[in-house]
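Quick notes on the structure that follows.
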Amino acid sequence: MKLATWNVNSVRARLERLLAWLDRHQPDVLCLQELKCTDDAFPAEPLREAGYHAAVHGQKTYNGVAILARRDPADVRRGFPGDPDEAQARLISAEVAGVRVFSAYVPNGREVGSPSWEYKLEWLAALRAHLADACDANRPLAMCGDLNVAVDDRDVARPDAWADSVLCHEAARRALAGLREVGLIDIFRKHHPEGGIYSWWDYRQLGFPRNDGLRLDHLYATPALADRSTAADVDRDERKGNKPSDHAPVVAVFGD
DNA sequence: ATGGTTGCTTAGCAA
């Protein structure tokens, strides 16, 4: 099974790139974030023609998450019990290929100390509580998405420059660690303990040409599923060229 | 350098 996650930063603005990427990489499951559109405006038909079913939790202008899959996603759930603000579409989950797959878009937090920052920490704590209930040792689960936190300094090109940011602050890292503490494994880290590989580069600072990036997009899995992973990589090439998202896709492969 | 770019929506917000 090939499982991927990608913050596309508007699914409509990225549709041609998305279709081309699916054609090249043929994932079994792709978690999307920042759709920036309602369910009605989601381009389900061209994706269906490309061979993918979609479970969508959309929102006008902001946020929005989806799961694309070769087989029709079953038991789709939008939001989660304990979600601090139901109006923000930041989490969807579905049963696909025998795995309970989550696509998550963690709040950015804007600025440390701001209301958005408090909301980010609150949202991560609520997600942790939900996953503590949802994680079952006997059932494979994958938590994928733009988690908007770099796990540690291996995941940051310039750790000093980002140290006090909402993406690296100790409180955010502790909150993200909470997701692993319920029993989830960082699949990418398993295959790249050395670090130095990123999934997001700021548009504003023109970070990509300097590879001034952070690893913010993650694939977490329950231990038995994690044991089956054979590779994980960032498709850095997708960040190149005309009109890229500011995030690159992250892909993991699992054996039987 | 409180800069810079992008997308949605239409001047301002979020990232």
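In what follows, chains are A, B, ... by sequence order, proteins preceding strands, each numbered from 1.
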Return whichever of Tyr105(A) or Pro244(A) has its heavy-atom-nearest nucleotide of DNA chain B closer to the 5' end. Pro244(A)
Would you be so kind as to tabulate the donor-acceptor pairs closer than 3.5 Å made by side chains of residues 136-145 of chain A, with sequence neighbours excluded?
from	atom 1	to	atom 2	distance (Å)
Asp136(A)	OD1	Asn138(A)	N	2.8

Pairs satisfying side chain to side chain donor-acceptor pair (under 3.5 Å), at least one member in residues 89-98 of chain A, at least two apart: Asn63(A)-Arg90(A), Gln88(A)-Arg90(A), Ser93(A)-Arg100(A), Glu95(A)-Arg100(A)
Of all residues at least two apart in sequence or in a different chain, which pass the ring-ring contact (aromatic ring centres under 6.0 Å, His included) check with Tyr105(A)? none
Just to verify, what does Ser245(A) make a side chain to side chain donor-acceptor pair (under 3.5 Å) with, not counting sequence neighbours? none
In short, salt bridge (charged side-chain N to carboxylate O under 4.0 Å, His left out) pairs touching residues 118-135 of chain A with sequence neighbours left out are Arg128(A)-Glu181(A)
Rounding to an integer number of Å, can you tell me how far Asn9(A) CG sits from dT5(B) C1'? 10 Å
Looking at dT5(B), dC8(B), dA15(B), which one has an atom nearest to any side-chain atom of Tyr203(A)? dT5(B)
Between P on dA15(B) and CG on Leu167(A), what's the gap in Å once rounded to a whole number? 11 Å
Scan for salt bridge (charged side-chain N to carboxylate O under 4.0 Å, His left out) pairs involving residues 203-224 of chain A, sequence neighbours excluded, and state none if there are none. Asp155(A)-Arg215(A), Arg158(A)-Asp212(A), Asp186(A)-Arg215(A), Asp202(A)-Arg204(A), Arg210(A)-Asp212(A)
At a cut-off of 3.5 Å, list every protein nitrogen or oxygen paired with a nitrogen or oxygen from nucleotides 9-13 of chain B, distance to 0.1 Å.
from	atom 1	to	atom 2	distance (Å)
dT9(B)	OP1	Lys60(A)	NZ	3.4
dT9(B)	OP1	Thr61(A)	OG1	2.9

Specify the residue among Gly109(A) and Ser10(A) whose closest nucleotide of DNA chain B lies further upstream toward the 5′ end. Ser10(A)
Show which residues join Leu206(A) in its hydrophobic cluster (side-chain heavy-atom contacts under 4.5 Å, direct or indirect), or state none. none
Below 6.0 angstrom between ring centroids: does that apply to His247(A) and Trp201(A)? no
What is the separation between atom CG on Asn63(A) and atom P on dG7(B), rounded to the nearest whole Å? 17 Å
Contact list please: residues 204-211 of chain A against DNA chain B, heavy atoms, distance less than 4.0 Å, in numerical order. Arg204(A), Gln205(A), Leu206(A)
